[in-house]
Structures are given as C-alpha cells and as structure tokens.
Amino acid sequence: MSSSTPTKQPSSLAAVRESYDTVAAEYARRFTLAEIDPVARAMLSAFADLVRGSGPVADLGCGPGHVTAHLAGLGLPSFGIDLSPKMIELARQTHPEMRFRVGSMTTLDIPTAELGGILAFFSTHHTPPEWLPVVFAEFHRTLAPGACLMLGTHVGDNERYRPATAYGGHPVSYESYLLPADRTAELLERAGLVITARLALEPAAEGKRPSATFLARKVRDSDGRVEEWNAAVRRHLEEG
C-alpha cells in the first residue's frame, strides 16, 4: 500500500519549497561533507552499519544529494527525496548514477514496509510541530519492521524563528521550529519508532545551534495501537 493523497497539507510547504529553490546553488556550494561535524559523520557510519543489507535507504530532505551519495559510498542502496525541484535538479546533475525525486515527507510515495532505513538529516525542523506526528507516521509506515531511522535536527526551547535571508543573502520565507530533544524523542516513540541511541551536540562555533541525533527502530505493532494513533493524527489534522 502506498500513501494516500491527503486533502490537506501544511501551508508551510510552499515557503520551504520556494526558499530552497532560491538558495539551491549557493547551498550546494557551501554544504559539503567536510562541513558535517566529525561525530555526526561517525553516526552516519554507524547508521550504515545498522541498515546495510536491510533494503533500500531513503534520504529524506536530501538537498543536493551529497549525503545520499555518501551513504551509497558506504555500501547502501540509497536514493533521495526533496521538496525543492531545484535541489533535485542539482542532485541529478552531480550524481547522475543515483535516483532522486521531488516529494514531501508528509505524503511519501513509497510502498508500506518498503525501506530498510530512513535518513532525515536536519530536514524536519521546518515542519510545524503539529505536523511532525504525520511525518513520523509516514516514517513508520514506509519502514520495514525492525528497520532503522536516523534523524538529526536542531533543538531548542520550543523556539520559532523566520530569517529574512540565508546562504549568502538570498531571500527566504521558511520558518524553523526548535523543539527540546525530549519532545522529539517522545513524538518518535508515539509513532512506533523506539529510540536506541541519542547524541547531543553543543555548538562548535559562535552562531551555530545545538543539535540532537537519534537512532530509532520501527517496532512491531502487535496490537495495532501504533497504527491507530498514527491514523488518528492524520484525521485530526485533515479535519481540523
């Protein structure tokens, strides 16, 4: 079963799509693997060890595809999905041997239980908090039983900010939502994704934000409670 087409989507999607279309070229130039904290790179390697041989791995919010390609270099059958058509265009140009497509984490065009792993590497913080349960429900739906998620995100004290410009002064209209790490962990657990490891990183330089990285596994929903919760979340937002 693939994701159903919802009657409602977050209003924030248009701003995120347009903003990243605007900054795509500069983002791709600035964001390289060398910019990733060494500890976070080690977590990517650990994630690769956990999911290798388990099936296809989706890099959700893949941007220009640098990390997707890194996962492929670690032996994973990885592919990328991003909301921004410009980002996907750059990813295809840079890594023509790999699969990339436009899509949203709120409605993944991926069959149920298809994936051996999901990477969401600093790609969920633009999602309004009330929509995070929908995103995590989609993660749960598309992962195979026992499969692994790695999620990295900026954290804060329920902060919300909207920069006017980014990546060299380009105008943007997206917002970022910085939740406490414990709240993100709680939402993952409610969606049926059990935390197996958690890493907290303090800012390495002035102007940077603290972050958290989670490893989680999809639990077997023997009594149907997780599916019931995830379906109720979707109904509540679509009817609200």
Side-chain angles (χ1 to χ4, degrees), residues 12-48 57-74 76 78-105 118-127 135 150-156 159-179 184 199-214:
S12 59
L13 290 185
V16 174
R17 181 185 298 110
E18 291 166 7
S19 296
Y20 279 100
D21 276 352
T22 298
V23 305
E26 183 63 18
Y27 181 100
R29 188 185 71 80
R30 292 186 179 211
F31 181 76
T32 64
L33 288 175
E35 297 299 313
I36 300 175
D37 182 274
V39 179
R41 285 204 301 274
M43 287 288 279
L44 287 170
S45 295
F47 170 72
V57 176
D59 181 8
L60 302 180
C62 66
H66 301 333
V67 176
T68 324
H70 179 64
L71 294 180
L74 293 174
L76 303 184
S78 56
F79 65 96
I81 296 176
D82 200 275
L83 190 62
S84 162
K86 289 291 187 182
M87 287 289 194
I88 292 300
E89 181 182 338
L90 288 173
R92 288 170 174 167
Q93 289 173 357
T94 308
H95 309 287
E97 75 286 359
M98 301 190 66
R99 292 184 296 134
F100 296 97
R101 66 175 185 262
V102 176
S104 170
M105 288 183 283
I118 287 175
L119 175 67
F121 198 60
F122 294 89
S123 56
T124 61
H125 62 94
H126 295 306
T127 304
V135 170
M150 177 174 164
L151 184 147
T153 188
H154 302 293
V155 297
E159 301 164 49
R160 175 178 177 178
Y161 72 98
R162 180 178 178 176
T165 61
Y167 303 105
H170 294 284
V172 294
S173 57
Y174 56 59
E175 293 183 295
S176 289
Y177 304 86
L178 308 183
L179 301 184
T184 300
L199 172 69
L201 283 175
E202 295 303 317
E206 187 176 350
K208 299 291 185 179
R209 296 182 179 275
S211 65
T213 300
F214 303 88

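Only a predicted model underlies this, so the values are computations on that prediction, with no experimental measurement involved.
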Could you state the interatomic distance from OG (Ser123) to CG (Asp59), rounded to the nearest 0.5 Å? 7.5 Å
Any side-chain heavy atom of Leu83 within less than 4.5 Å of one from Leu13? yes
With the side chain counted from C-beta on, respond yes when Ile36 and Phe31 share a heavy-atom pair under 4.5 Å apart, and no when they do not. yes
Where Ser78 and Ala72 come nearest, the two heavy atoms and their spacing: OG-N, 3.4 Å
Any heavy-atom pair between the side chains of His70 and Phe121 that's under 4.5 Å? no
Smallest separation among heavy atoms of Leu74 and Leu44, with atom names: CD1-O, 4.1 Å
Roughly how far, to the nearest 0.5 Å, is OG1 of Thr68 from CZ of Arg99? 11.0 Å
Arg209 side-chain N/O to Gly156 backbone N/O, donor-acceptor pair under 3.5 Å: no
Parallel, tilted or perpendicular for Tyr27 and Tyr167, by the 30°/60° rule? perpendicular
Closest heavy-atom contact between Asp37 and Val39? OD1-N, 2.7 Å
Once you round to the nearest 0.5 Å, how far does CG of Leu71 lie from CZ of Phe47? 6.5 Å
Mind checking whether Leu179 and Thr153 have side chains closer than 4.5 Å, heavy atoms only? no
Search all heavy atoms of Gly65 against all heavy atoms of Phe100 and return the closest pair with its distance. CA-CE2, 3.7 Å
On a heavy-atom basis, which atom in Gly61 and which in Asp82 lie closest, and how many Å separate them? C-OD2, 3.2 Å
Check the orientation of His66 and His95. Use parallel for under 30°, tilted for 30 to 60°, and perpendicular for over 60°. perpendicular
Please give me the minimum heavy-atom distance between Glu202 and Pro210, naming the atom from each residue. OE1-CB, 4.4 Å
Begin from the C-alpha positions of Val155 and Thr184 and carry the test side-chain contact (heavy atoms from CB on, under 4.5 Å) through to its verdict. CA-CA 9 Å; Val155 297; Thr184 300; 5.6 Å; no
Testing the 3.5 Å rule here: is there a donor-acceptor pair between the side chains of Ser176 and His125? yes
I'd like to check Arg101 versus Arg92 (side-chain heavy atoms, cut-off strictly below 4.5 Å). Are they in contact? yes
State the CD-CD distance between Glu175 and Glu159, to the nearest 0.5 angstrom. 13.5 Å
Distance (rounded to the nearest 0.5 Å) between Ile81 CD1 and Ser104 OG: 9.5 Å
4.5 Å side-chain heavy-atom contact, Cys62 and Ile88: yes
Heavy-atom side-chain proximity of Pro85 to Arg17 below 4.5 angstrom: yes
To the nearest 0.5 angstrom, please state how far the NE2 atom of His154 sits from the OG1 atom of Thr124. 9.5 Å
